Amino acid sequence: MKIATWNVNGIRARQAQLLEWIGRDRPDVVCLQEIKAAPEQVPEALRSLPDYWCCWHGERAYSGVGLHVRRSLLAAPPEFQHPEFDFETRVAVVPVGGFLIGAVYVPNGGKDYGAKLRFLESMERYARECRSRGQDLILCGDMNVTRTDMDVHPRERKPNAIGQRPDERELFERVLDGGGMVDVGRALDPENDRLFTWWPPWRNMRRNNIGWRLDYILASRPAAGRIPACSVLAETGTSDHAPVIAECN
């Protein structure tokens, strides 16, 4: 099973690219963030993706996530859920293949940093609850936090910049530790200090790979043990984020 995540930075602007990517890489579960559209605003060609059960969870021109599951994995439409800590249409989860898989868009924090910290605290509680139930959880998305300085190009490192602050990094680690989860991309590529998923949209930053790692696939330890590969598709699309795709046995 292929599980993929992508912050599209506007689903209407990325319609053709999304269809091309899905047709090429054929992910079984597609998690999207920052769709910036209410369900009725999603282009008709995407609203009911061929071969997928679709959930579009968004608001007009702001935030929003998509979560789509290949129909061959489920005999009937799944029950898409929105945990209690969802706000501003930032979370959708679905049970599939023995996992609970979620699309997550953590607040950036630029306008309301406290809301970002509260969101991360709530995500930690949710991960703990899933762990206590013995539920294998996979959270995919734009977490808007770099785990360490290694996840930021040296030219972009700023100790007080949102996304790099010690308190948000600490909370992110608590999500991993409390939920018994693994940062799959880093676990499989531990020494790569040029592993980025977002690039400032100016001065050829993406072409020169001067970026940040903000997009993750987080998996409970049993689930992570079944994921042998996780890649950043840095050449895909014109969003300021790149898709991340994992293969699960």
Side-chain angles (χ1 to χ4, degrees), residues 2-11 14 18 21-22 27-37 54-59 62-69 80-83 85-94 96 99-109 115-124 126-127 130 136-147 151 162-163 168-169 171-176 179 181-186 195-198 211-220 223-224 227 230-233 236-237 239-246 248:
K2 289 184 179 180
I3 303 171
T5 182
W6 188 18
N7 179 323
V8 293
N9 191 18
I11 191 64
R14 240 59 70 183
L18 178 64
W21 169 52
I22 288 176
D28 298 294
V29 180
V30 180
C31 302
L32 304 174
Q33 302 85 46
E34 208 171 356
I35 63 172
K36 298 182 179 178
C54 293
C55 171
W56 295 103
H57 182 51
E59 299 175 356
Y62 186 75
S63 189
V65 296
L67 180 54
H68 315 302
V69 181
F80 293 101
Q81 305 162 14
H82 307 291
F85 71 97
D86 174 41
F87 85 110
E88 298 179 334
T89 60
R90 292 181 179 274
V91 190
V93 299
V94 65
V96 57
F99 305 121
L100 186 62
I101 301 177
V104 178
Y105 179 38
V106 174
N108 171 277
K116 179 179 190 176
L117 299 183
R118 291 190 295 273
F119 189 96
L120 290 168
E121 289 169 349
S122 297
M123 192 161 73
E124 180 206 356
Y126 181 74
C130 289
D136 275 334
L137 179 65
I138 300 177
L139 296 177
C140 309
D142 178 2
M143 306 298 175
N144 265 317
V145 181
T146 56
R147 284 189 67 195
D151 299 302
I162 293 175
E168 57 187 322
R169 284 178 170 176
L171 281 172
F172 192 46
E173 291 304 311
R174 281 166 46 186
V175 173
L176 293 171
M181 305 189 77
V182 174
D183 169 5
V184 175
R186 180 56 74 203
L195 184 64
F196 307 130
T197 67
W198 175 84
W212 303 27
R213 191 168 71 102
L214 297 174
D215 304 84
Y216 298 80
I217 293 178
L218 310 178
S220 63
I227 301 177
C230 184
S231 304
V232 177
L233 307 182
T236 297
S239 170
D240 49 352
H241 294 254
V244 180
I245 189 165
C248 184

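Quantities reported herein were computed from a predicted structural model and do not represent experimental measurements. Values below: every heavy atom of this structure, side chains too, minus hydrogens, waters and symmetry copies.
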Indicate yes or no for a side-chain donor-acceptor contact from [X] to the backbone of [Y] under 3.5 Å, with no hydrogens or angles considered.
X      : Y      : value
Arg169 : Val145 : no
Ser63  : Arg90  : no
Asp28  : Lys2   : yes
Ser122 : Phe85  : no
Thr5   : Val244 : no

Do you know which two heavy atoms are closest between [X] and [Y], and how far apart they sit?
X      : Y      : answer
Trp6   : Thr236 : CZ2-O, 4.3 Å
Gly102 : Cys31  : O-SG, 4.0 Å
Ala223 : Asp136 : N-OD1, 4.1 Å
Ile22  : Pro27  : O-CD, 3.9 Å
Cys140 : Ile3   : SG-CG2, 3.7 Å
Ala224 : Val184 : CB-CG2, 4.3 Å

From [X] atom [atom1] to [Y] atom [atom2], the distance as rounded to the nearest 0.5 Å:
X      : Y      : atom1 : atom2 : value
Ile101 : Ile138 : CD1   : CD1   : 5.0 Å
Arg14  : Asn7   : CZ    : CG    : 9.0 Å
Thr197 : Leu233 : OG1   : CG    : 11.0 Å
Asp86  : Gln81  : CG    : CD    : 12.0 Å
Asp215 : Asn144 : CG    : CG    : 8.0 Å
Ser239 : Leu18  : OG    : CG    : 11.0 Å

Report task. Apply side-chain contact (heavy atoms from CB on, under 4.5 Å) to Met181 and Leu137, showing your working. Result -> CA-CA 8 Å; Met181 305 189 77; Leu137 179 65; 4.0 Å; yes

Tell me, do [X] and [Y] make a side-chain contact under 4.5 Å, heavy atoms counted?
X      : Y      : value
Pro107 : Phe87  : yes
Tyr126 : Val93  : yes
Leu218 : Asp183 : yes
Asn9   : His241 : no

Report task. With sequence neighbours left out, write down each residue that passes side chain to side chain donor-acceptor pair (under 3.5 Å) with Glu168, or none if nothing qualifies. Result ->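 Once residues adjacent in sequence are excluded, the partners of Glu168 under the side chain to side chain donor-acceptor pair (under 3.5 Å) criterion are Lys116.
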
Query raised in the report: For Val94 and Cys55, what are the C-alpha separation, side-chain angles and deciding distance, and is it a side-chain contact (heavy atoms from CB on, under 4.5 Å)?
Result: CA-CA 10 Å; Val94 65; Cys55 171; over 6 Å; no

Report task. Any chance you could lay out the side-chain contact (heavy atoms from CB on, under 4.5 Å) test for Trp198 and Thr146, step after step, and finish with the verdict? Result -> CA-CA 11 Å; Trp198 175 84; Thr146 56; over 6 Å; no

Query raised in the report: Can you say whether the rings of Trp56 and His68 are parallel (under 30°), tilted (30 to 60°) or perpendicular (over 60°)?
Result: tilted

**Report entry** All ring pair (Phe, Tyr, Trp, His ring centres under 6.0 Å) counterparts of Tyr216, not counting sequence neighbours
**Finding:** Phe172

Query - Residues that Asp151 engages under salt bridge (charged side-chain N to carboxylate O under 4.0 Å, His left out), provided they are two or more places apart - result: Arg186, Arg213

Requested in this report: Kindly determine whether Met123 and Met143 satisfy side-chain contact (heavy atoms from CB on, under 4.5 Å), including the steps that lead there.
Outcome: CA-CA 11 Å; Met123 192 161 73; Met143 306 298 175; 4.1 Å; yes

